[in-house]
2 protein chains.
Amino acid sequence: MNLTEAIKRPTLHEELVDRLRNLVVEDALKPGEKVPEKELCESFGVSRTPLREALKVLASEGFVVLQANRGARVATVTRQELENTFPVIARLEQLAGELACDHMDAAAVAKVEARHQEMVQAYQARDRQAYFQANQEIHQALIRGANNDILEGHHKLLAARVRRARFMVNLSDERWAEAIDEHERMMQKLRARDADGLGQLMKLHMMNKFAAHIKAIDDRSDNLGEG
Amino acid sequence: MNLTEAIKRPTLHEELVDRLRNLVVEDALKPGEKVPEKELCESFGVSRTPLREALKVLASEGFVVLQANRGARVATVTRQELENTFPVIARLEQLAGELACDHMDAAAVAKVEARHQEMVQAYQARDRQAYFQANQEIHQALIRGANNDILEGHHKLLAARVRRARFMVNLSDERWAEAIDEHERMMQKLRARDADGLGQLMKLHMMNKFAAHIKAIDDRSDNLGEG
DNA sequence: TGACTGAATTATGAATTCATAATTACGTTT
DNA sequence: AAACGTAATTATGAATTCATAATTCAGTCA
């Protein structure tokens with residue numbers, strides 16, 4: 001055992017990147033808006049240099065777009081981008097499911113079981129907030145259980161990139177019931193340590209989730225007469 | 001048709017990020033070395049501000065690691081990281097293969113065919129340089145053919161991250177012959193527009209490539225007595 | 001009144017400066 | 001001579017400054 005663990009104090013730079021990314025993901029900065037450098041500097045109490053460094057990083061992650069001599073704007077997530085991102089996330093989740101079956105220990109599986117029960121209860125109570133929370137924790141636990149930093153990192157970025165889309169659409173009752181059922185089957189595969197099975201289900205679950213998402217967006221567009 | 005296409009002059013920032021990343025990928029800056037801020041500033045003719053911005057981006061991409069108050073070092077690609085990265089790339093290639101079958105037009109397929117022939121000829125001439133070149137172009141064309149920017153971007157990053165590993169190991173004659181055979185079968189699937197088939201083969205091809213890679217590394221370690 | 005011109009203002013990109021942390025060099029002590 | 005402690009030097013992170021590009025706004029002319 002190593003007693004001299006490296007001290008992990010987050011640097012100003014990382015801190016700024018995280019805070020800024022959250023502003024975008026949590027929708028405090030709206031898509032298309034220009035990023036108010038000055039105000040952010042004041043509210044964070046830093047000068048422009050570290051803030052701009054953070055913006056460059058966020059740009060490389062796709063959360064903002066830089067326009068030469070015109071600063072940064074919050075990236076808009078287009079329909080096309082959603083459709084491109086979804087399958088990639090689905091494949092990463094598939095891989096994660098396979099690896100998680102092999103790598104998670106009993107304690108980790110038990111934790112997922114617990115979250116799963118919480119999620120089912122949230123569903124029965126029709127508590128969307130609690131449902132989303134438990135749902136996200138389950139997926140995170142499975143990704144984490146895959147024990148693959150690269151996979152986790154890329155998944156995290158992609159998931160954050162489309163998370164904002166969640167604010168846009170409501171989960172239909174029908175889809176909600178389906179999702180619960182899919183999760184139930186996923187748990188069965190996990191208990192049985194059926195790696196390929198869990199992977200397949202997770203991929204399918206994601207693609208279904210995304211299809212419902214896209215459908216909800218389309219329906220709303222129709223209502224607004226946007227073709 | 002739009003005659004007023006936006007002028008795409010690469011900004012100093014992007015230019016720097018690309019140049020620096022190339023220094024790492026092409027092994028001009030060796031893993032573990034500290035990044036010589038001063039010299040790079042002089043050789044690029046820029047001040048520290050934009051260079052450091054670029055370093056932050058490279059850090060988020062994983063090519064360098066930042067140590068608080070101790071600057072940047074070129075990231076070392078560990079065995080563990082290779083083993084984590086390979087399966088992720090393989091899944092992305094699988095998805096790319098499936099999408100490419102659906103999206104590539106006849107001209108694009110013809111181009112891949114041509115590169116494939118060049119690659120086979122390079123193999124027959126045992127011209128490793130030409131082989132690697134053609135091989136990479138084929139994979140890039142298939143990824144591009146998937147017509148999915150998100151997929152392409154993440155694949156590009158991951159591929160660049162492990163590309164340096166190519167410098168470390170030699171392709172064995174046995175594996176070389178296998179690889180050619182796998183590519184031949186991939187072409188058949190592409191011609192037949194068998195999306196799932198091509199995806200499966202591309203995943204398999206990647207995993208085989210990586211297994212050979214790992215084996216070569218292990219063999220060399222054995223020779224050096226590194227256990 | 002509305003579109004155009006050009007000066008004033010502001011925002012942006014990049015260099016420079018400054019405070020501080022880390023490293024090195026040196027002298028002291030045992 | 002080796003190890004420790006301290007001063008000098010260097011490197012780093014971040015603020016500030018500066019030159020330039022973009023935007024705004026007032027004034028002019030059709």
Side-chain angles (χ1 to χ4, degrees), chain A residues 4-24 28-76, chain B residues 4-24 28-76:
Chain A
T4 63
E5 195 169 326
I7 298 168
K8 177 65 180 177
R9 62 174 160 176
T11 67
L12 173 59
H13 169 71
E14 310 176 39
E15 187 73 14
L16 266 181
V17 171
D18 279 346
R19 301 273 292 271
L20 272 181
R21 195 194 293 110
N22 279 343
L23 288 184
V24 175
L29 291 171
K30 300 274 190 281
E33 270 184 9
K34 67 180 186 312
V35 179
E37 243 179 53
K38 212 163 195 174
E39 278 115 84
L40 290 173
C41 284
E42 286 169 16
S43 80
F44 286 136
V46 300
S47 75
R48 283 177 58 220
T49 304
L51 189 106
R52 302 185 88 259
E53 288 173 351
L55 283 177
K56 304 280 158 108
V57 171
L58 289 196
S60 89
E61 294 178 351
F63 292 102
V64 303
V65 288
L66 301 177
Q67 301 165 295
N69 294 317
R70 266 185 275 183
R73 287 186 173 278
V74 178
T76 57
Chain B
T4 62
E5 196 170 322
I7 298 168
K8 179 62 181 177
R9 58 175 165 176
T11 67
L12 173 58
H13 170 71
E14 309 176 39
E15 187 73 14
L16 266 182
V17 171
D18 279 348
R19 302 271 294 269
L20 272 180
R21 193 193 295 109
N22 279 343
L23 287 183
V24 175
L29 291 171
K30 300 273 192 283
E33 272 184 8
K34 67 178 186 311
V35 179
E37 243 179 55
K38 213 165 195 172
E39 277 116 84
L40 290 173
C41 284
E42 286 169 16
S43 79
F44 286 136
V46 299
S47 76
R48 282 177 59 220
T49 304
L51 189 108
R52 301 185 89 258
E53 287 173 351
L55 283 176
K56 303 281 158 100
V57 171
L58 288 195
S60 89
E61 293 179 351
F63 292 101
V64 304
V65 288
L66 302 177
Q67 302 166 296
N69 294 317
R70 266 185 274 182
R73 286 186 175 278
V74 179
T76 57

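Small disclaimer: the values here were computed from a predicted structure and weren't measured. In the text below, chain A, chain B and the rest are named by the order of the sequence lines, each starting its count at 1.
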*Pairwise 5' ranking along DNA chain D for A/Arg70 and A/Glu53, keeping only the more 5' one*: A/Glu53
*Taking NZ from B/Lys34 and P from D/dT10, how many angstroms apart are they, rounded to a whole number?*
14 Å
*To the nearest angstrom, how far is A/His13 atom NE2 from D/dA15 atom C1'?*
17 Å
*asked:* I need the CG-P distance between B/Leu51 and D/dA11, as an integer number of Å.
replied: 14 Å
*Roughly, in whole Å, what's the span from CZ in A/Arg73 to C1' in D/dT23?*
12 Å
_Rounding to an integer number of Å, can you tell me how far A/Gln67 CD sits from D/dA21 P?_
17 Å
_CG-NZ distance between A/Leu40 and A/Lys38, expressed to the nearest 0.5 angstrom_ = 13.0 Å
*Between B/Leu55 and B/Val35, is a side-chain contact (heavy atoms from CB on, under 4.5 Å) present by the stated rule, with each step listed?*
CA-CA 9 Å; B/Leu55 283 176; B/Val35 179; 4.0 Å; yes
_Option passing side chain to side chain contact (heavy atoms under 4.5 Å, CB included) with B/Leu23 (candidates B/Leu58, B/Leu29, B/Val74)_ = B/Leu29
*Sub-4.0 Å heavy-atom contacts from residues 36-50 of chain A onto DNA chain C, ordered by number*: A/Lys38, A/Arg48
*Answer whether the closest heavy-atom distance between the side chains of A/Phe63 and A/Leu20 falls below 4.5 Å.*
no
*Can you find a heavy atom in the side chain of B/Val57 that is under 4.5 Å from one in the side chain of B/Glu61?*
yes
*Evaluate the side-chain proximity of B/Val17 to A/Lys56: yes if any heavy-atom separation is below 4.5 Å, no if none is.*
no
*Roughly, in whole Å, what's the span from CG in A/Asn69 to P in D/dA21?*
7 Å
